[in-house]
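In what follows, a structure is listed as structure tokens, so that the remarks can point back to it.
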Amino acid sequence: MEHDASATPKASEDRDNKFLTKAVEEAYKGVESGDGRPFGAVIVQNDEVVVSCHNMVLRNKDPTAHAEVIAIREACQKLDRICLADCEIYASCEPCPMCFGAIHFSKIKRLVYGAKADVAVAIGFDSFIADAQKDTSSHQKSRLEIKKIEGTAAALAEQVFANTKGEYTL
């Protein structure tokens with residue numbers, strides 16, 4: 001069943017909360033497994049999860065193995081194509097410039113995220129992410145729909161940083 005943009009605001013919000021909560025669960029999984037830092041991403045097509053991934057920077061010893069990049073790579077492999085224009089991505093945190101670029105180039109139609117980058121910076125992550133987001137010109141040029149989720153799902157996304165602080169190396 002394809003996502004209906006005319007669905008009720010409550011149904012749309014419930015749907016976004018469901019997929020964002022899955023991205024937050026991935027963020028915890030990445031830290032608990034020692035694979036990476038507290039970031040998760042889920043790619044959805046027609047209301048079905050295509051892939052659910054977490055940060056793999058530590059496991060892969062690869063600074064580009066962010067959750068969003070891993071998710072895009074896996075979704076492209078699974079769907080056997082490089083254009084994900086019929087997909088959405090749910091990210092536990094506001095994507096960094098590298099991840100935003102990957103989202104843009106994969107042509108994903110919609111990005112929903114939970115925590116602002118400032119939340120990650122507050123516990124010691126590089127301020128490059130938040131500083132880059134302050135200049136939104138690249139976001140404004142994208143044809144991508146971007147939504148910062150609010151409410152319970154946003155709180156869960158923000159808590160992952162406080163709850164895992166000290167369990168990984170910055």
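We're numbering straight along the sequence, starting at 1.
- Each of Lys22, Lys147, Arg110 was checked for a side chain to side chain contact (heavy atoms under 4.5 Å, CB included) with Tyr90, and the lone residue meeting it is Arg110.
- For the atom pair NE2 of His54 and CZ of Arg37, the computed distance is 13.0 Å after rounding to the nearest 0.5 Å.
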Test side-chain contact (heavy atoms from CB on, under 4.5 Å) applied to Leu79 and Gln45, step by step: CA-CA 10 Å; Leu79 298 173; Gln45 178 191 47; 3.8 Å; yes
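- The shortest non-hydrogen separation linking Ala27 to Pro38 is CB-C, 3.6 Å.
- Under the 4.5 Å side-chain heavy-atom criterion for ILVMFWY residues, a single connected hydrophobic cluster contains both Ile103 and Leu84.
- Remark: side-chain polar atoms of Glu26 are not paired, donor with acceptor, to backbone N or O of Gly40 under 3.5 angstrom.
- Separation of atoms CG (Leu20) and CD (Glu13) is listed at 10.0 Å; rounding is to 0.5 Å.
- Atoms CD1 and CD, from Ile82 and Gln77 in turn, are 11.0 Å apart once rounded to the nearest 0.5 Å.
- Residue Val160 is grouped with residue Val119 when hydrophobic side chains (ILVMFWY) are merged at heavy-atom distances under 4.5 angstrom, including chains of intermediate members.
- Other residues, nucleotides and ligands contribute only 12 or fewer heavy atoms inside 6.0 Å of the NZ atom of Lys107.
- Put simply, the side chain of Asn46 never gets that close to the backbone of Glu48: no donor and acceptor are under 3.5 Å apart.
- Scanning all heavy atoms of the two residues, the minimum distance from Met98 to Val69 falls at CE-CG2, 4.1 Å.
- Taking both residues in full, the closest heavy atoms of Ala120 and Cys93 are given as CB-SG, 4.5 Å, listed atom of the first, atom of the second, then distance.
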Working for side-chain contact (heavy atoms from CB on, under 4.5 Å), residues Val49 and Ile43: CA-CA 6 Å; Val49 172; Ile43 294 183; over 6 Å; no
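- If you chain together ILVMFWY residues whose side-chain heavy atoms come under 4.5 Å of each other, Met56 ends up grouped with Ile70.
- Two different hydrophobic clusters hold Phe19 and Tyr113 under the rule that ILVMFWY side chains link at heavy-atom gaps under 4.5 Å.
- Ionic pairing of Lys18 and Asp47 is not present here: no N-O contact between side-chain nitrogen and carboxylate oxygen is shorter than 4.0 angstrom.
- The salt bridge (charged side-chain N to carboxylate O under 4.0 Å, His left out) analysis of residues 63-87, with sequence neighbours excluded, yields the pairs Arg81-Asp86.
- Residues Ile149 and Val24 are members of separate hydrophobic clusters, defined by side-chain heavy-atom contacts under 4.5 angstrom among Ile, Leu, Val, Met, Phe, Trp and Tyr.
- For Cys53 against Ala71, the heavy-atom pair with the smallest separation is SG-CA, 3.6 Å.
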Test side-chain contact (heavy atoms from CB on, under 4.5 Å) applied to Ile72 and Ile108, step by step: CA-CA 9 Å; Ile72 290 167; Ile108 287 174; 4.0 Å; yes
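- For the side-chain hydrogen bond (donor to acceptor under 3.5 Å, both in side chains) test, no residue two or more places apart in sequence or in another chain qualifies with Asn17.
- In this structure, Lys109 contributes its side chain and Glu145 its backbone to no donor-acceptor pair below 3.5 Å.
- Taking OG of Ser92 as the start and CZ of Phe161 as the end, the distance is 5.5 Å to the nearest 0.5 Å.
- A single hydrophobic cluster is not seen to contain both Val44 and Val50; linkage of ILVMFWY side chains at heavy-atom distances under 4.5 Å, directly or through other members, places them apart.
- To the nearest 0.5 Å, the span separating CG on Leu111 from CD1 on Ile146 amounts to 5.5 Å.
- When atom types are taken as modelled, the side chain of Asn55 and the backbone of Val57 share a donor-acceptor pair closer than 3.5 angstrom.
- Using a 4.0 Å cut-off between a side-chain N of Lys or Arg and a carboxylate O of Asp or Glu, Glu32 and Lys29 do not qualify as a salt bridge.
- Side-chain atoms of Val42 and Glu88, non-hydrogen and from C-beta on, never get closer than 4.5 Å to each other.
- A distance of 6.0 Å or more separates the ring centres of Tyr28 and Phe39.
- Residue Cys96 comes nearest to His66 through the heavy atom pair SG-ND1, 3.5 Å, listed as atom of the first residue, atom of the second, then distance.
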